[in-house]
Amino acid sequence: MIDINLIRENPELVKENIKKKFQDKKLPLVDEVLELDRKKRALQQEGDGLRAQRNSLAKKIGSLMREGKADEAEEAKELSKKNNDRVAQIEQESAQIDAALKKAMSAIPNIIADDVPIGRDDSENVQGKVFLEPEEKPFEIPYHVDILEKLGGIDLDSARRTSGNGFYYLTGDVARLHSAVLAYARDFMIDKGFTYCIPPFMIRSEVVSGVMSFEEMEGMMYKIEGEDLYLIGTSEHSMIGRFMGRTLAEGELPLTLTSYSPCFRKEKGAHGIEERGIYRIHQFEKQEMIVICKPEESDMWYEKMWNYTAELFVSMEIPVRQLICCSGDLADLKYKSCDIEAWSPRQKKYFEVGSCSNLTDAQARRLGIRFYTTSWRNAKNEKTGKNEFAHTLNNTVAAPPRMLIAFLENHLQEDGSVYIPEVLRKYMGGKSKIEVKK
RNA sequence: GCAGAGAUGGCGGAGUGGUCGAACGCGCACGACUCGAAAUCGUGUUACGUAGGAAUACGUACGGGGGUUCGAAUCCCUCUCUCUGCGCCA
């Protein structure tokens with residue numbers, strides 16, 4: 001959600017931004033917002049005036065009663081009652097306008113960064129930096145489920161019976177590898193100075209509607225029957241929800257957090273669940289990073305954050321690249337975003353294993369995440385405080401089992417075993433490979 | 001889960017229908033005193049919205065939502081959370 005002042009002061013800029021994102025059908029929203037905003041303010045002024053009258057009448061009635069002038073008090077009561085009818089009417093009207101305004105405002109996309117490539121959809125995303133050149137494998141790389149089955153590491157049939165399609169049993173060394181990657185990713189981020197956090201895996205509807213739109217919620221979130229609780233789709237939901245409505249002290253920023261959680265997603269729409277495999281599933285686990293910082297620092301953190309993910313994959317000897325999200329493919333809340341994609345030697349192309357976004361103040365405005373700065377002077381040049389919206393960013397550190405696909409394909413040996421890079425061995429009991437199961 | 005008590009500003013804590021945006025204390029900011037500091041004294045100190053160049057004015061907010069009333073921190077309903085006791089559990 002962008003600042004309404006920006007629309008008031010510079011509607012052309014907001015319209016230009018909409019055009020850059022190829023959402024021209026949203027252009028009328030800008031004028032709609034201006035009109036609604038005018039009406040809202042007019043109503044507020046009228047309402048405030050009437051409420052001021054009500055307040056002074058109420059005080060007057062109070063003193064009249066004390067003086068024992070019951071007749072005059074009754075008169076004033078009548079007047080106040082009449083006044084209240086109009087107040088109620090105004091309240092109803094403003095509630096309608098507020099709802100319409102909120103709807104229009106949340107459909108207007110965040111202003112995108114100057115360096116976001118202009119493009120219509122994901123086909124126009126731009127390759128950024130490449131880390132580790134992919135090597136040609138001298139043998140055929142099988143589908144990841146076949147690799148996993150040879151290692152005795154997966155049981156999809158049982159998962160389908162117990163839970164349905166889109167779930168999995170990981171077993172033995174593969175399950176251990178899954179945990180090893182998460183533990184390594186966690187320690188990697190702790191070493192970068194991030195604070196490790198395990199958040200709630202269920203959140204209230206109030207928080208859900210804060211962090212996503214109704215449509216997103218329908219397509220993603222599992223609801224707990226008989227409770228006002230939803231399973232989180234990513235730890236970002238509970239991590240950001242943690243700061244809803246809070247004003248943080250300037251000294252607390254930047255908050256650099258790395259969180260672990262399982263993630264539950266319905267995966268309605270889009271491509272749905274594949275029949276075979278663990279690429280798109282209802283349940284996975286993720287190490288995430290979240291930064292809440294001052295506005296002037298968010299560009300810097302964005303660069304750091306996606307580079308951390310790239311560095312992590314490089315340390316596991318997996319070739320990755322940065323794919324810069326173009327204007328048309330950028331979600332409305334985002335200022336800038338890129339994916340980290342890992343190389344698939346089987347498909348001979350890159351596929352997404354993580355996504356880094358700078359939401360500037362758009363998410364913070366929606367959720368009321370502010371910070372208090374004391375380095376501000378008022379008109380009298382006295383030191384005083386000032387509240388501002390913080391900037392929020394999020395990025396995937398590692399999300400197995402999807403990222404295991406990249407791992408397995410890149411580290412598969414000709415004999416079917418899978419090589420374990422140095423950095424993970426201490427989490428694997430010293431093993432340097434996972435052997436084929438006899 | 002059951003029973004009782006409670007939720008007020010950055011913190012502690014008064015306030016049980018009108019004069020309450022809220023006593024008092026702590027903290028914080030500015031000033032005086034001082035070579036400087038501590039102590040002391042004085043002044044100021046909630047946020048958000050609207051109008052205004054600004055000073056300021058008005059409105060809203062006492063855990064969230066709803067209600068009663070001319071008027072609600074205060075009364076009623078409801079939800080959430082906290083404390084105490086019992087129960088249950090890893």
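Here is the naming used below: chain letters follow the sequence lines, and residue numbers restart at 1 for every chain.
The base of B/G71 does not come close enough to the side chain of A/Asn55 for any donor and acceptor atom to sit less than 3.5 Å apart.
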### Query
Could you walk me through whether A/His237 and A/Tyr230 pass the side-chain hydrogen bond (donor to acceptor under 3.5 Å, both in side chains) check?
CA-CA 10 Å; A/His237 295 153; A/Tyr230 290 80; over 6 Å; no
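Residue contacts shown for A/Ile61 include a base, since a base heavy atom lies under 4.0 Å away. Across all strands shown, A/Asp228 has no heavy atoms under 4.0 Å from either base or sugar-phosphate atoms. Note on A/Gln45: only backbone sugar-phosphate atoms sit closer than 4.0 angstrom, heavy atoms only; bases stay farther off. Here A/Ala76 lies out of heavy-atom contact (under 4.0 Å) with every strand.
Counting only heavy atoms from C-beta on, A/Arg204 has its side chain closest to B/U80 among B/U80, B/U50, B/A47. Distances from the side chain of A/Arg54 to the nucleotides B/U50, B/G59, B/G71 place B/G71 closest. Listed candidates were B/U19, B/U80, B/C48. Nearest to the side chain of A/Lys59 is B/U19. Set against B/G49, B/U60, B/G18, the side chain of A/Arg51 has B/U60 as its closest nucleotide.
Pairing for B/U68 is absent, with no Watson-Crick or G-U wobble pair whose two atom distances lie under 3.5 Å. In this structure, B/U60 forms a base pair with B/A47, meeting either the Watson-Crick or the G-U wobble geometry with both donor-acceptor distances under 3.5 Å. When both distances must be under 3.5 Å, the Watson-Crick or G-U wobble mate of B/G4 is B/C83. Using Watson-Crick or G-U wobble geometry with both donor-acceptor distances under 3.5 Å, B/U40 finds its partner in B/A32. Base pairing of B/U16: no nucleotide in any strand meets the Watson-Crick or G-U wobble criterion (both distances under 3.5 Å). In this structure B/C89 sits in no base pair that meets the Watson-Crick or G-U test at under 3.5 Å. Figure legend. B/C26 is base-paired to B/G10; pairs are counted as Watson-Crick or G-U wobble with both atom distances under 3.5 Å. Pair check for B/A54 finds none; no Watson-Crick or G-U wobble contact set falls under 3.5 Å.
Rounded to the nearest Å, the gap between the C1' atom of B/G71 and that of B/C86 is 44 Å. B/A14 and B/U74 are spaced 13 Å apart, taking the C1' atom of each and rounding to whole Å. Remark: the separation of the C1' atoms in B/U19 and B/U56 is 23 Å, to the nearest Å. If you take atom C1' in B/A61 and the same atom in B/A73, they sit 11 Å apart, rounded to whole Å. B/U16 and B/G10 have their P atoms separated by 23 Å, with the value rounded to a whole Å. Only the C1' atoms considered, B/G63 is 11 Å distant from B/U82, to the nearest whole Å. Taking the C1' atom of each, B/A29 and B/C35 are spaced 24 Å apart, rounded to whole Å. Taking atom C1' in both B/U45 and B/U84, one finds a spacing of 37 Å when rounded to whole Å.
Comparing A/Ser80 and A/Ala58 against RNA chain B, the residue whose closest nucleotide sits nearer the 5' end is A/Ala58.
A/Asp332 places no side-chain N or O within 3.5 Å of a backbone atom of A/Ser106 that could act as its donor or acceptor partner. Proximity of a side-chain donor or acceptor of A/His144 to a complementary backbone N or O of A/Ile278 within less than 3.5 Å is detected. The backbone N or O of A/Leu333 sits less than 3.5 Å from a side-chain atom of A/Asn110, completing a donor-acceptor pair. Between the side chain of A/Lys266 and the backbone N or O of A/Met221, at least one donor-acceptor pair lies under 3.5 Å. Between the A/Arg265 side chain and the A/Gly233 main chain, a donor and an acceptor come within less than 3.5 Å of each other.
One can place CZ of A/Arg246 at 15 Å from C1' of B/G63, the figure rounded to the nearest angstrom. Look at CD on A/Glu206: it is 10 Å from P on B/G65, rounded to the nearest Å. Rounded to an integer number of Å, the gap from CD of A/Gln44 to P of B/A57 is 17 Å. Rounded to an integer number of Å, the gap from A/Tyr372 OH to B/C28 P is 13 Å. For the pair A/Glu91 CD and B/G66 P, the computed distance is 10 Å after rounding to whole Å. Atom CD of A/Glu388 and atom P of B/A47 are 15 Å apart (whole Å). Distance, A/Lys40 NZ to B/G59 P: 18 Å, rounded to whole Å. If you take CG of A/Leu64 and P of B/G71, they are 16 Å apart, rounded to a whole angstrom.
Among the candidates A/Thr256, A/Thr258, A/Thr195, the single residue satisfying the side-chain contact (heavy atoms from CB on, under 4.5 Å) test with A/Met189 is A/Thr258. Results of the side chain to side chain donor-acceptor pair (under 3.5 Å) test with A/Glu91 over A/Arg86, A/Arg51, A/Gln96 single out A/Arg51 as the only residue that passes.
Contact between the side-chain N/O atoms of A/Lys81 and the OP1/OP2 oxygens of B/C70 is found at a separation under 4.0 Å. A sub-4.0 Å separation between OP1 or OP2 of B/U50 and a side-chain N or O of A/Arg38 is absent. The shortest distance between the side-chain N/O atoms of A/Arg8 and the OP1/OP2 oxygens of B/U50 is below 4.0 Å.
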